[in-house]
Amino acid sequence: LTLACVAHGLAQEPSGVTSAPVVWTNLVGVEASGSTLTRNKSPGGWGGAGAISNQAIVSQDGYLEFTALEATTNRMGGLSNGDSDQNYNDIDFAIFLSNGSVSVFEAGNGRGEFGTYAVGDVFRVALENGVIKYRKNGAVFYTSLVAPSLPMVVDTSLDTPGSTIGNAVVNGVLTNAAIAPLNFSVPTGNYATAQHVAITTATAGTTIRYTTSGEDPSESDPVLAEGGTVLVDHAMTLKARAWAPGLIPSSVSQETYTL
């Protein structure tokens, strides 16, 4: 998915720079504790774990900043115009921390190795007057030759179980990039009678699709009509996901019912 400023009515840069802890969305194979992301999926391997920020940078200046909490794992964190999957080659501009060494990757292309790091070092992928610069503890160690596209979300890929993107902060003129989480009117449980389950999101203009087979919803699955409900009249796992033009789809939400 590629995000477009025009879709958000952001053809001209607004004012109001803020810094905020990253709010993670589209979590796959990871868990969030505040703004720290940790891979909880085993075994390891690229493409199986990552997340993005709900916030998107829409200004010519902004950054992702995070702290190295360990020096024995492989993970990447950076900025992207959109989110297609959890692989590292989906990150437009990424810092790669690998067992104590620092590298830069851009859309899967290695730009070189830039020394070592220690626990507690702070890294920044920064958009500075429209140019991407990579910083360690405030010092620039690489300047990109690739022009970025706005808006940009924080994007990650974690290879090693237990690897982290620590204390992540996003800065800039920010807007919401992703659809808000889905809410089910009936929680997981054992029920004596059939239930009519409404599924809603705080984001306007969405299309909610659902499955009752246990499979993750796709854009070819049934649409839940506005104000409608799903009839749960037998044991099932109900899953749902929402789409909207110009926004990153919601995470898959689910509830499990027995009757």
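Because the structure is a prediction, the values reported are computed rather than measured.
- Without hydrogens or angle criteria, R209 side chain to D221 main chain gives a donor-acceptor distance under 3.5 Å.
- Taking OG1 from T160 and CZ from R75, the interatomic distance works out to 8.0 Å, rounded to the nearest 0.5 Å.
- Defined by atom type and a distance below 3.5 Å, a donor-acceptor pair is missing between the side-chain atoms of S149 and N81.
- What you find for P245 and G205 is that their closest heavy atoms are CD-O, 4.2 Å.
- Side-chain contact between V146 and R111 is present, with heavy atoms from C-beta onward closer than 4.5 Å.
- For the residue pair S84 and D90, the shortest heavy atom distance occurs at N-OD2, 3.0 Å.
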Requested in this report: Mind running side-chain contact (heavy atoms from CB on, under 4.5 Å) on F123 and L97 for me, showing each step along the way?
Outcome: CA-CA 10 Å; F123 291 91; L97 301 184; 3.8 Å; yes
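- For the residue pair E255/T188, the side-chain donor-acceptor check at 3.5 Å is satisfied.
- Linking Ile, Leu, Val, Met, Phe, Trp and Tyr whenever their side-chain heavy atoms come within less than 4.5 Å leaves W46 and I52 in two separate clusters.
- The shortest distance between side-chain heavy atoms of Y257 and V197 falls below 4.5 Å.
- Checking side-chain atoms of N137 against main-chain N and O of V122 turns up a donor-acceptor pair under 3.5 Å.
- Checking side-chain atoms of D61 against main-chain N and O of N129 turns up a donor-acceptor pair under 3.5 Å.
- A side-chain donor-acceptor contact under 3.5 Å links S98 and N74.
- Ring-plane geometry between Y134 and F141 is classed as tilted, the angle between the planes lying from 30 to 60 degrees on a 0 to 90 degree scale.
- In this structure, the side chains of F96 and Y88 stay at 4.5 Å or more apart for every pair of heavy atoms.
- Note: Q60 CD to L150 CG = 5.5 Å, rounded to the nearest 0.5 Å.
- Checking side-chain atoms of E70 against main-chain N and O of A68 turns up no donor-acceptor pair under 3.5 Å.
- Contact record, A240 with I199: CB-CD1, 3.8 Å, taken as the closest heavy-atom pair.
- Taking OG1 of T164 as the reference point, atom CG of L69 lies at 4.0 Å (rounded to 0.5 Å).
- Closest approach of Y117 to N99, counting heavy atoms only: OH-N, 4.1 Å.
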Requested in this report: Test D92 against L79 for side-chain contact (heavy atoms from CB on, under 4.5 Å), laying out the working first.
Outcome: CA-CA 6 Å; D92 295 347; L79 297 174; over 6 Å; no
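- Q55 contributes a side-chain N or O that, together with a main-chain N or O of P21, makes up a donor-acceptor pair within less than 3.5 Å.
- The cluster map of Ile, Leu, Val, Met, Phe, Trp and Tyr, joined by side-chain heavy atoms under 4.5 Å apart, puts V140 and V102 in different clusters.
- Atom CD1 of I165 is separated from atom CH2 of W24 by 6.5 Å, given to the nearest 0.5 angstrom.
- Under a 3.5 Å cut-off, the side chain of S35 and the backbone N or O of V22 do not form any donor-acceptor pair.
- The hydrophobic side chain of V23 is isolated, with no ILVMFWY side chain under 4.5 Å apart from it.
- The distance from the OG1 atom of T203 to the CD1 atom of I179 is 6.0 Å, given to the nearest 0.5 Å.
- Side-chain contact between K41 and V30 is absent, with no heavy-atom pair separated by less than 4.5 Å.
- In this structure, T212 and L238 have side chains that are in contact, with non-hydrogen atoms separated by less than 4.5 Å.
- Scanning all heavy atoms of the two residues, the minimum distance from Q86 to G50 falls at CG-N, 3.7 Å.
- A donor-acceptor pair under 3.5 Å is absent between the side-chain atoms of S157 and the main chain of M76, judged by distance alone.
- Residues Y210 and L259 fall within the same hydrophobic cluster, defined by Ile, Leu, Val, Met, Phe, Trp and Tyr side chains chained together at heavy-atom separations under 4.5 Å.
- Distance alone, capped at 3.5 Å, places no donor-acceptor pair between the T38 side chain and the E31 backbone.
- Of the possible donor and acceptor atoms, one in the side chain of T36 sits under 3.5 Å from a partner among the backbone N and O of N167.
- K239 places a side-chain N or O within donor-acceptor distance of the main-chain N or O of G214, the cut-off being under 3.5 Å.
- A chain of hydrophobic side-chain contacts below 4.5 Å, direct or via other Ile, Leu, Val, Met, Phe, Trp or Tyr residues, connects L182 to L224.
- Shown here for P181 and T201, the closest heavy-atom pair between the two residues is O-OG1, 3.8 Å.
- Under a hydrophobic clustering in which Ile, Leu, Val, Met, Phe, Trp and Tyr are joined whenever their side-chain heavy atoms come within less than 4.5 Å, directly or via other members, V154 and L27 fall into the same cluster.
- Residues F114 and K136 fail the side-chain proximity criterion, which asks for heavy atoms closer than 4.5 Å.
- Side-chain contact between I57 and L174 is present, with heavy atoms from C-beta onward closer than 4.5 Å.
- Side-chain atoms of I132 and L127, non-hydrogen and from C-beta on, do get closer than 4.5 Å to each other.
- Atom CG of L64 and atom CD1 of I95 lie 7.5 Å apart (nearest 0.5 Å).
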